[in-house]
Amino acid sequence: MILLTFDDCRILDWASLLPIMLRSGVRATFYVSNQATIDSDGWARLSDLRAAGNSIQYHGLNHVYAEQVRDWTNT
Ligand SMILES: [Zn+2]
């Protein structure tokens, strides 16, 4: 299984992938950042991606290294 994900806020680039994703049967999860900057066209394109079977999820506020969030030495 291959898990395909994209993150940040390159919605127009993602939307341009939709035709080839549909042709090839590929689905992905898009983690969206900077939600306050997305205009109505951007939300419409995200809606198109979702309607095509992709998952739209929220992105964290910052790119934080996992080692800074949790001590992984005892797991
Ligand atoms: Zn990111």
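Computed from a prediction, not measured in an experiment: that's the story for all the values here. When a residue number appears, it is its place in the shown sequence, counting from 1. All ligand and atom numbering here is 1-based and tracks the order in the structure.
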So does Leu49 get a backbone contact from the side chain of Asn54, meaning a donor-acceptor N/O pair under 3.5 Å?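 Judged by distance alone, yes, a pair lies under 3.5 Å.
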Kindly say whether Thr37 contributes a backbone atom to a donor-acceptor pair with the side chain of Asn34 at under 3.5 angstrom?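 Side chain of Asn34 to backbone of Thr37: no pair is present.
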Which is it for Ile38 and Leu46 under the side chain to side chain contact (heavy atoms under 4.5 Å, CB included) test, yes or no, and what are the steps along the way? CA-CA 10 Å; Ile38 300 172; Leu46 286 173; 4.2 Å; yes
Evaluate side chain to side chain contact (heavy atoms under 4.5 Å, CB included) for Val32 paired with Gln57, printing each intermediate quantity in order. CA-CA 6 Å; Val32 183; Gln57 301 295 326; over 6 Å; no
Which side-chain N or O atoms in residues 9-21 pair as donor and acceptor under 3.5 Å with protein atoms at least two apart or in another chain?
| from | atom 1 | to | atom 2 | distance (Å) |
| --- | --- | --- | --- | --- |
| Arg10 | NE | Asp13 | OD2 | 2.8 |
| Arg10 | NH2 | Asp13 | OD2 | 2.7 |
| Ser16 | OG | Asp13 | O | 2.6 |

2.8 Å cut-off (strict), protein N, O or S atoms about the Zn ion (ligand 1):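 My tally for this metal is 4.
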Any chance you could lay out the side chain to side chain contact (heavy atoms under 4.5 Å, CB included) test for Tyr31 and Thr5, step after step, and finish with the verdict? CA-CA 7 Å; Tyr31 292 95; Thr5 67; 4.0 Å; yes
